[in-house]
There are 2 protein chains.
Amino acid sequence: MKEQTSLKAANLIERIGRLIHAEEQKGALNPAQWGAMRYLERANRFSRTPAALADYLCSTRGTVSQTLIALERKGYVARRPSTRDRRSVTLELTEAGHARLAQDPLHTFATHIEAVGAEDELERALSAVLGEAIVKNGSKSFGACATCRFFRRNANAGDRQAPHRCGLLDVALSGEDARRICVEHEV
Amino acid sequence: MKEQTSLKAANLIERIGRLIHAEEQKGALNPAQWGAMRYLERANRFSRTPAALADYLCSTRGTVSQTLIALERKGYVARRPSTRDRRSVTLELTEAGHARLAQDPLHTFATHIEAVGAEDELERALSAVLGEAIVKNGSKSFGACATCRFFRRNANAGDRQAPHRCGLLDVALSGEDARRICVEHEV
DNA sequence: CCATAAAGTATCGACTCGATACTATAATGG
DNA sequence: CCATTATAGTATCGAGTCGATACTTTATGG
């Protein structure tokens with residue numbers, strides 16, 4: 001019976017995912033493009049690259065490259081060459097991109113979650129399930145910088161602008177940096 | 001803060017949906033094809049049509065038509081003309097189709113839900129959220145026949161094979177019929 | 001009988017996605 | 001220092017999704 005219930009729950013997630021997917025198609029962007037926009041809004045400066053985006057979207061560099069061409073053509077994303085790696089580019093939401101995100105279809109869906117008062121329960125359970133799936137899959141967690149095992153709070157306290165530090169990349173981090181999600185995040 | 005939490009939960013569903021989506025691409029079928037197979041396994045005889053499938057998948061008749069061509073070519077689905085409507089066709093999983101469904105990637109995901117022991121909680125919360133989204137969307141519920149407002153338990157008790165009845169379609173229903181999901185389901 | 005609606009199919013264009021091949025740059029190890 | 005190898009990004013191909021539209025066949029309701 002347990003297996004029945006968990007399979008039902010999995011089916012529900014898949015089906016709700018499909019509803020969201022369909023909702024996302026209606027507007028100016030498609031699901032992959034919405035996903036990319038959301039990621040670029042939340043990712044820190046080390047993580048706004050095509051490769052990291054591909055990992056986040058469970059896609060490939062090739063596909064993401066195409067998605068970014070579409071978003072750049074629509075004026076929502078800008079590319080600029082990376083300063084630290086001349087092979088790499090850094091992605092940035094434009095003003096129009098931020099404005100477009102205000103119409104994110106996911107907001108509508110969030111109101112449905114609130115309407116049944118399931119937000120706390122769902123947030124907890126789904127976080128746990130996602131964590132489990134990520135471990136079993138060997139995928140990346142993309143958690144907030146401040147929750148990472150490499151995060152060193154106030155390790156750079158002399159710098160008022162960037163008081164923290166990343167023990168992996170060995171760079172100073174601002175409070176804003178620490179709140180964003182990171183491709184290198186590990187629990 | 002409530003809005004924050006519900007948006008987080010919505011993001012989690014979207015992200016987990018993406019993980020499942022990626023997992024589904026790996027095997028012999030793609031996500032839409034897996035969705036169609038799952039539906040055809042669970043749908044009652046009145047609901048195994050391209051149009052009903054399109055509603056279930058939040059897609060269109062045109063797209064589903066293409067999906068069915070692919071599944072028929074792979075030998076997992078058979079079409080036969082409907083007896084009650086000569087415009088319509090009835091879809092059926094083949095033996096190979098049932099066998100293929102044993103490798104449904106969703107089973108793997110269900111084990112992750114069990115691993116964190118969240119199946120009961122998730123099943124309840126997600127059902128409620130899906131119900132809310134369906135109402136607000138005007139989508140169809142696709143619930144089990146026996147939970148429908150048109151279901152008349154034992155209204156045909158004289159017939160041992162089909163003791164129940166559908167008040168909408170006005171047909172006799174077997175116990176098996178009553179357990180399956182239906183395109184006409186209403187709460 | 002006729003108008004209208006509905007079921008299914010076919011086709012077009014934009015896009016996703018896996019796979020592959022390619023260029024440019026970085027990192028590593030003699 | 002240089003050759004090897006790995007990585008970042010791009011380009012391209014084929015299969016498939018998806019929305020949109022047009023079309024045929026059949027139901028249905030005056």
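Just so we're on the same page: letters track the sequence lines, and every chain starts at 1. Predicted model, so just to flag it, every value in this text is computed and none were measured.
As rounded to whole Å, 15 Å separates atom P of D:dG16 from atom CH2 of B:Trp34. What separates CG of B:Leu53 from C1' of C:dT9 is a distance of 15 Å, to the nearest Å. Atom CD in A:Gln25 sits about 14 Å away from atom C1' in C:dG13, given to the nearest Å. Atom pair A:Leu57:CG and D:dG9:P shows a separation of 14 Å (rounding to whole Å applied). A:Asp55 has its CG atom 11 Å from the P atom of D:dG9, to the nearest Å. Atom NZ in B:Lys26 sits roughly 10 Å away from atom P in C:dA19 (whole-Å rounding). Rounded to an integer number of Å, the gap from CD1 of B:Ile69 to C1' of D:dT17 is 13 Å. The separation between A:Leu71 atom CG and C:dA14 atom P is 16 Å, rounded to whole Å.
Comparing atom distances between the B:Thr60 side chain and each of D:dG19, D:dC18, C:dT16 picks out D:dG19 as nearest. With C:dT16, D:dG9, D:dT10 as the candidates, the nucleotide lying closest to the side chain of A:Arg79 is D:dT10. Checking D:dG9, C:dT16, D:dG16 against every side-chain atom of A:Val89, the shortest atom distance belongs to D:dG9. Nearest to the side-chain atoms of B:Arg86 among the listed nucleotides D:dA27, C:dT16, D:dG9 stands D:dA27. Across D:dT10, C:dT9, D:dT26, the shortest atom-to-atom separation from the side chain of B:Asp85 is found for D:dT26. The nucleotide whose nearest atom lies closest to any side-chain atom of A:Thr49 is, among D:dG9, D:dT26, C:dC15, D:dG9.
Contact annotation: A:Gln66 side-chain N/O to C:dA14 OP1/OP2 distance is not under 4.0 Å. One finds no side-chain N or O of B:Arg61 lying less than 4.0 angstrom from the OP1 or OP2 phosphate oxygen of D:dT24. Checking the phosphate oxygens (OP1, OP2) of C:dC17, a side-chain nitrogen or oxygen of A:Ser59 falls inside 4.0 Å. Contact between the side-chain N/O atoms of B:Asn30 and the OP1/OP2 oxygens of D:dT17 is found at a separation under 4.0 Å.
Comparing A:Ala22 and A:Thr90 against DNA chain D, the residue whose closest nucleotide sits nearer the 5' end is A:Thr90.
We find that A:Glu41 and A:Arg38 are not joined by a salt bridge, their nearest charged nitrogen and carboxylate oxygen being 4.0 Å or further apart. Contact check on A:Glu121 versus B:Arg124 returns a salt bridge, with a Lys/Arg side-chain nitrogen under 4.0 Å from an Asp/Glu carboxylate oxygen. Using a 4.0 Å cut-off between a side-chain N of Lys or Arg and a carboxylate O of Asp or Glu, A:Lys8 and A:Glu14 do not qualify as a salt bridge.
Interface remark: the B:Arg87 side chain does not form any donor-acceptor pair with the D:dA27 base, using a distance-only criterion of under 3.5 Å.
The residue A:Arg73 sits close only to the backbone: its heavy atoms come under 4.0 Å of sugar-phosphate atoms, none of a base. Using a 4.0 Å heavy-atom cutoff across all strands shown, A:Ser82 reaches no nucleic acid atom at all. Across all strands shown, A:Ser88 has heavy atoms under 4.0 Å from sugar-phosphate atoms exclusively, and none from any base.
Distance CZ/B:Arg15 to CG/A:Leu130: 5.0 Å, rounded to 0.5 Å.
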Original post:
Passes side-chain hydrogen bond (donor to acceptor under 3.5 Å, both in side chains), B:Thr60 versus B:Thr63? Steps please.
Top reply: CA-CA 5 Å; B:Thr60 61; B:Thr63 299; 3.1 Å; yes
Original post:
Yes or no on side chain to side chain contact (heavy atoms under 4.5 Å, CB included) for B:Leu29 and B:Met37, after CA distance, side-chain angles and deciding distance?
Top reply: CA-CA 10 Å; B:Leu29 271 48; B:Met37 298 276 285; 3.7 Å; yes
